[in-house]
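Okay, so here's the structure we're looking at.
Values reported hereafter were calculated over all heavy atoms of this structure, with side chains retained and with hydrogens, waters and symmetry mates removed. Every chain is numbered from 1, with letters handed out A, B, ... down the list of sequences.
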Amino acid sequence: MEQFLQQLNISQREAVLYNDGPSLVIAGAGSGKTRVLTYKIAWLLKNGIAPYSILALTFTNKAAREMKDRIAQMVGETTARYLWMGTFHSIFSRILRREAEKFGYRSDFTIYDSQDSKNLIKAIIKEKSLDDNTYKPSIVQARISRAKNALIMPEMYARDRELIADDRYHKRDRICEIYSAYWQRCRTSGVMDFDDLLLYTYMLFKDNTDIVERYRNQFRFVLVDEYQDTNPVQHEIVKQLAEEHHRVCVVGDDAQSIYSFRGATIGNILNFQKTYPESKLFKLEQNYRSTKTIVNAANSLIEKNKEQIPKVVFSEKETGEKIKLINAYSDYEEGYNVAARIAEMRMLRQYEYKDFAILYRTNAQSRIFEEALRKINIPYRIYGGLSFYQRKEVKDVIAYMRLVTNPNDEEALKRIINYPARGIGNTTLGKIISVADTHRISLWEAISSPLDYNLNVNSGTAKKLEGFKGLIESFIAANSTHNAYELGGEIIRQTGMFNELHNDRTPEGLSRVQNVEELINSLNEFVSTRIEEGREDVKTGDFLSEISLMTDRDTDKDENASMVTMMTIHSAKGLEFKNIFVVGMEEDLFPSEMCKGNPKEIEEERRLFYVAITRAEENVVLTYAKSRFRNGQWQMFTPSRFLKDIHPDYIHTSWKKTYKKTSYSEPEILPNPQKLLRIEEEKTYHPVVRQTIGNLSVGIIIRHERFGRGRILELTGENENAKATVEFESFGRKQLLLKFAKFEVVDG
DNA sequence: GGCCGGGGCATTTTT
DNA sequence: TGCCCCGGCC
């Protein structure tokens with residue numbers, strides 16, 4: 001136990017050990033924030049606190065998973081698995097499913113992603129014959145989302161003077177009406193959008209004393225990561241849960257709050273001590289990531305912000321090199337400079353490609369760097385863009401699965417009612433929507449009983465609708481006998497999607513086939529993992545509730561591949577690289593033009609710059625161009641005001657260093673990076689032998705079909721229930737049900 | 001129902 | 001400039 005605490009510095013240890021009341025842990029960049037959280041949880045567990053009485057909330061699945069894995073290593077998988085650890089959205093959707101009937105939902109409600117929400121909003125705007133230029137779906141969506149995050153229901157919106165006045169000022173005074181219709185439609189469809197998952201949780205707790213009491217009693221400790229990014233609902237829910245015992249620990253860094261545009265309120269962390277007057281404040285100020293120069297430069301920058309919790313981040317690492325500033329005449333040249341610099345640093349100082357990241361303010365900037373890197377054969381990887389689950393063909397299959405789980409799901413139904421084409425066009429769909437709207441029923445109900453609701457279509461169309469209905473019903477029936485993987489296969493075959501996709505021989509068509517195959521594979525993996533863990537029925541609904549809250553970032557595997565990383569600064573938060581290039585350091589680009597004249601937003605941009613710099617361990621290179629081609633025309637730019645915010649002592653300006661083109665070999669075009677990404681690990685085939693407990697003993701090495709090499713730590717149970725606890729080299733500790741587990745013995 | 005072309009437009013996006 | 005969305009046409 002003592003040794004365990006030795007691994008922490010004094011302030012980390014104090015933060016870990018204080019658990020009697022509310023605490024605020026202000027964790028400077030690179031100061032071991034996650035470490036404090038994991039050790040705190042491990043400490044509680046080692047002191048006999050039951051895992052299910054600890055609630056730990058994060059913002060990404062990845063963060064939750066990584067933390068859980070680390071805790072599992074410290075206290076064992078069997079304990080860690082019962083922790084309530086996950087994203088706000090996944091934890092609360094779990095609670096909402098349990099309590100669904102309390103607020104008029106079914107426990108198998110489906111979830112709209114942002115695109116679904118936007119589509120529905122767009123549809124409502126159209127149905128109301130509003131001009132979609134004044135009522136831009138994205139703006140309306142943002143406004144509704146903002147309202148939900150601020151606990152404002154439609155009827156409250158209508159009474160809110162400020163909101164109404166603001167909408168009127170922008171000539172959008174019917175937003176409130178759209179909001180109300182959107183709310184109603186989601187309810188009729190039995191779906192929730194991301195914001196609903198939080199809002200309904202809040203209402204559930206507010207309106208049902210017995211329920212909130214139950215969870216308050218269960219969650220004796222509440223921990224929240226990245227508190228600077230919470231919005232008002234999240235803040236309120238945490239308050240509801242910690243109401244009685246006040247054992248709440250929030251961790252974050254106000255200097256890294258960069259999501260206010262999505263409704264995050266930095267005030268939550270700034271005012272935490274007012275919310276909980278008896279709270280203790282812990283500051284983690286030692287940065288273990290970066291050189292002194294980088295930390296000092298970042299400090300000198302963030303000093304320029306007014307609103308912040310005072311702290312002095314310091315580094316005990318070497319001084320390191322100054323930050324480099326490179327200018328260029330054009331964006332094209334900027335790209336060239338960066339590529340050349342990377343090549344040079346790699347050659348001269350033995351860096352690998354994966355030690356570099358290029359960070360930019362907007363995704364549009366990536367192209368020029370892609371080209372530049374490609375020309376001199378530097379492998380790269382771009383984050384951002386369309387995620388796997390957002391691809392059309394993947395969403396189509398998932399839409400069927402959603403409809404099976406919840407036939408009332410409007411957006412899922414609209415998506416596939418005529419895909420693959422079955423002669424149900426927009427006219428028919430329009431009629432269905434209008435009938436459904438007048439009777440306040442779902443589209444599915446309108447289709448199911450066309451006569452009851454006077455759905456006025458000709459007999460041919462009626463037949464087609466019946467056929468569609470029959471198809472979905474057959475899937476629903478199959479869902480009770482088939483697992484998620486089997487049903488997935490049924491869906492792509494029975495609908496004709498399989499054939500349709502395979503007939504398309506174009507490269508795009510092939511990639512669509514691949515994507516659908518990947519989805520089916522992941523279904524297979526999902527099902528078999530759970531069966532191995534001893535679960536019996538693994539249904540489509542289980543799969544959906546997991547993946548609807550997942551993003552691409554959770555899927556990617558090949559983190560070892562040595563490539564230069566390119567991404568927006570926003571998506572770089574939480575990551576670290578040896579060398580960071582922050583590019584496009586120009587006024588109107590960074591800080592963004594949109595922030596002009598708004599000091600609060602400029603401060604947020606400055607925090608964004610702070611995040612960018614503090615990603616670096618060893619070197620920071622800042623670049624800017626005097627002109628760039630943007631929005632179809634050449635524009636002149638001046639250097640960003642943020643460059644002057646860094647104390648000049650920490651910057652070395654290397655004006656216009658010219659790299660001779662001849663010093664690099666002739667451009668050989670690299671394969672398309674998308675392809676590079678797709679190259680899968682070479683799969684070696686291992687004969688799969690079903691094992692019984694008799695063949696195994698503690699200590700032997702096995703190779704599992706998916707988890708790879710691992711050592712058996714424990715064997716329990718007999719026959720049908722025989723289980724092995726295995727410590728895998730790259731997947732950590734797992735429990736396998738021998739009846740299903742696929743592995744071979746490597747070393748007896 | 002699918003394809004083509006014109007017009008409008010153009011931050012950031014953990015779920 | 002390039003992408004996306006919509007509407008018109010076959």
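Atom OH of Tyr383(A) and atom C1' of dT13(B) are 17 Å apart (whole Å). As rounded to whole Å, 11 Å separates atom P of dG7(C) from atom CG of Asn426(A). Following rounding to the nearest Å, Arg630(A) (CZ) and dC3(C) (C1') show an atom-to-atom distance of 16 Å.
Across all strands shown, Arg628(A) has no heavy atoms under 4.0 Å from either base or sugar-phosphate atoms. Gly574(A) comes within contact range of no nucleotide atom at all, as no heavy-atom separation falls under 4.0 Å. The residue Asp195(A) sits apart from the nucleic acid: no heavy atom pair falls under 4.0 Å. Within 4.0 Å (heavy atoms only), Thr568(A) reaches sugar-phosphate atoms of the nucleic acid but no base atom. Across all strands shown, Phe629(A) has heavy atoms under 4.0 Å from sugar-phosphate atoms exclusively, and none from any base. Among the atoms of the strands shown, none is found under 4.0 Å from any heavy atom of Glu593(A). When heavy atoms are screened at a 4.0 angstrom cut-off, Asp229(A) is found touching base atoms of the nucleic acid.
By the 5.5 Å and 30° criteria, Phe88(A) is not stacked with the base of dT15(B).
One finds no side-chain N or O of Ser114(A) lying less than 4.0 angstrom from the OP1 or OP2 phosphate oxygen of dT13(B). At dT13(B), one or more side-chain N or O atoms of Asn363(A) fall inside 4.0 Å of OP1 or OP2 (strictly under the cut-off). Not one side-chain nitrogen or oxygen of Asn133(A) sits closer than 4.0 Å to the OP1 or OP2 atom of dG8(B). A close approach under 4.0 Å does not occur between any side-chain nitrogen or oxygen of Ser90(A) and OP1 or OP2 of dT15(B). Put simply, Asn61(A) has a side-chain N or O that comes within less than 4.0 Å of OP1 or OP2 on dT15(B).
Taking the side chain of Thr60(A) as heavy atoms from C-beta on, and the options dT14(B), dT12(B), dG2(C), the nearest nucleotide is dT14(B).
In the model, Thr362(A) has a side-chain atom that pairs as donor or acceptor with a side-chain atom of Gln365(A) under 3.5 Å.
Checked by distance alone, Arg361(A) brings no side-chain donor or acceptor within 3.5 Å of a matching partner on the base of dT11(B).
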